[in-house]
2 protein chains.
Amino acid sequence: MRPKNLIKEEAIRSIALQIIADEGLENLSMQKLAKAAGISPRTIYIKYENKEDLLIKLFIEEVLGAYEKAVLKNFDPAAPFAEGVRKLWLNGFHYLINNRHAFALIQHGKASPLLNRAYQQKNIKEGDFFGPIQQFLTLNVEAGIIKYFPQEVHRALLFSPMLDLVAEYFDYQTRPQQIITPETILACCEAVTQGILISKK
Amino acid sequence: MRPKNLIKEEAIRSIALQIIADEGLENLSMQKLAKAAGISPRTIYIKYENKEDLLIKLFIEEVLGAYEKAVLKNFDPAAPFAEGVRKLWLNGFHYLINNRHAFALIQHGKASPLLNRAYQQKNIKEGDFFGPIQQFLTLNVEAGIIKYFPQEVHRALLFSPMLDLVAEYFDYQTRPQQIITPETILACCEAVTQGILISKK
DNA sequence: TTTGTAAGTAAACAAACGTTTACTTACTTT
DNA sequence: AAAGTAAGTAAACGTTTGTTTACTTACAAA
């Protein structure tokens, strides 16, 4: 039996991400993708059931999986709160600005009903997505260091500004001066941290 | 000369928004839209140059315009900082949870290169988009009440968690218990406010 | 070295795409 | 009341869509 050509599999995924980032999800077609990857449309269907299957696997496995790994790299849930948040911010920020295509699909994941549903199902099936972060937050709530919120709310407060700053970073890449510097990121990280600390009166 | 039927114009816009919210931008087609609105495809082309023109006008005029108006309703740039932010949060949150279709297109605006470009151009042409908020922030920076950041960064810190919470609100609408309550919103609003205040030591 | 078989290709399928053509309708102006 | 005209329709344009059919290729196992 002829073995799968893994290089072609990788080409499909990376070129699909590139088209989505440059032209949007609405402009990705199977035929365009095949032509850009230098393969027959049929070959895509050997590796993926159909277009939806390709998009979902791209989003969940290729993008979210790698993003989670990058964010959690060298992260210690037992670290002091401010230090832990800083680690997560810097990991996430550096990964995303160096992986523009992945960031683009993450943004699509918040807009497209198809990807949104897939994400919700993944979150339900594997409750431990970004598990160490949940553990980290629970520890700090129980220690009376930060305010209690449901985990989704904690995530919105702590990390959604970071994603917005990545978007601004890319916007400013085409302009003469970048305003999203490493110092900006650290200052913003401190601000969100300060926001959910229980203030010592 | 036969006058334009404004009811049909409104139908095109509202049904387009509905399709985008329910099926995603990638599943909106001119023929599908015409059929759903009970009109001929040609009629859409009387009011819009082409599909891109329709999407951009929907996004900029119909959605962002109305959103800006709702957020700024009864907002006073001279109000105390915490009070002003609270007003903006409540205005925005209530508008978005009552206008699911508008929220969906705003999310697409962050993902789709077409809409993203259109937004950037609008922002460059009319520098006063969300002008009263800029004024409000400048006032509070100059008074030494809040930390200085570029306006885009201020907006990321103050408002991106709110949009994320709206997304969570809709996610939880299909589940037995809503976790994003008015109390949650107020508590989160206080957290982001606390984050950018200059702490009195 | 031959053979079995899944991986891969080129070409095609019907359906749907964005947009236009040819025509009719309804209202304003005279 | 008649004429002029932009709004509107039904049907079609050529192209592209997602997916499949019929065939070839390249490798593992025998």
Side-chain angles (χ1 to χ4, degrees), chain A residues 1-62 105 108 112-115 117-118, chain B residues 1-59 61-62 105 108 111-115 117-118:
Chain A
M1 155 182 151
R2 184 176 174 178
K4 286 199 189 190
N5 185 337
L6 292 176
I7 292 169
K8 281 177 184 168
E9 174 126 33
E10 212 356 72
I12 292 171
R13 295 200 177 213
S14 68
I15 291 172
L17 281 179
Q18 190 186 116
I19 293 174
I20 292 169
D22 292 339
E23 307 176 37
L25 223 151
E26 67 272 29
N27 290 308
L28 174 73
S29 83
M30 298 300 260
Q31 301 197 112
K32 191 193 273 186
L33 170 57
K35 186 168 276 184
I39 56 171
S40 159
R42 185 72 242 270
T43 305
I44 305 174
Y45 287 88
I46 291 169
K47 296 153 200 297
Y48 304 96
E49 212 181 296
N50 50 35
K51 191 183 178 183
E52 293 202 351
D53 183 45
L54 165 64
L55 289 175
I56 290 172
K57 283 184 175 146
L58 255 187
F59 179 51
I60 301 284
E61 295 170 12
E62 184 88 357
L105 190 52
H108 277 286
S112 148
L114 172 72
L115 298 182
R117 273 194 304 273
Chain B
M1 154 184 153
R2 183 174 175 179
K4 285 198 188 189
N5 186 338
L6 293 175
I7 292 168
K8 281 178 182 166
E9 174 127 33
E10 213 354 75
I12 291 171
R13 295 198 177 214
S14 68
I15 291 172
L17 281 179
Q18 191 187 113
I19 293 174
I20 292 169
D22 293 339
E23 307 176 39
L25 223 148
E26 68 271 29
N27 290 307
L28 175 73
S29 83
M30 298 301 257
Q31 300 194 121
K32 192 193 271 186
L33 171 57
K35 186 169 274 182
I39 57 170
S40 159
R42 185 71 242 270
T43 305
I44 305 174
Y45 287 87
I46 291 168
K47 296 153 202 297
Y48 305 95
E49 212 181 295
N50 50 37
K51 192 183 178 183
E52 292 202 352
D53 183 45
L54 165 64
L55 289 175
I56 290 173
K57 284 187 175 145
L58 254 189
F59 179 52
E61 295 170 14
E62 184 89 358
L105 190 53
H108 277 286
S112 149
L114 172 73
L115 299 182
R117 273 195 303 273

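Just so we're on the same page: letters track the sequence lines, and every chain starts at 1.
Between the CD atom of B/E26 and the C1' atom of D/dT16 there is a distance of 17 Å, given to the nearest Å. Rounded to an integer number of Å, the gap from CE of B/M30 to P of C/dT20 is 10 Å. In this structure, the CG atom of A/D53 is 14 Å from the C1' atom of D/dG18, given to the nearest Å. Between the NZ atom of A/K32 and the C1' atom of D/dT15 there is a distance of 13 Å, rounded to whole Å. Here C/dG18 presents its P atom at 11 Å from CG of B/L25, a figure rounded to the nearest Å. Between A/I44 atom CD1 and D/dT20 atom C1' there is a gap of 14 Å when expressed in whole angstrom units. Separating the NZ atom of A/K35 from the P atom of D/dT16 is a distance of 9 Å, rounded to the nearest angstrom. Distance A/E49 CD to D/dT20 C1': 15 Å, rounded to the nearest Å.
Checked by atom type and distance alone, the side chain of A/S14 pairs as donor or acceptor with a backbone atom of A/E10 at under 3.5 Å. Not a single donor-acceptor pair under 3.5 Å links the side chain of A/K57 to the backbone N or O of A/R13.
Note on B/L28: only backbone sugar-phosphate atoms sit closer than 4.0 angstrom, heavy atoms only; bases stay farther off.
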Base, backbone or nothing for each nucleotide of nucleotides 5-13 of chain C, written B, S, -, heavy atoms under 4.0 angstrom, 5' to 3'?
BBBBBB-B-
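You'll find the side chain of B/L114 stays beyond 4.5 Å of the side chain of B/F59, heavy atoms only.
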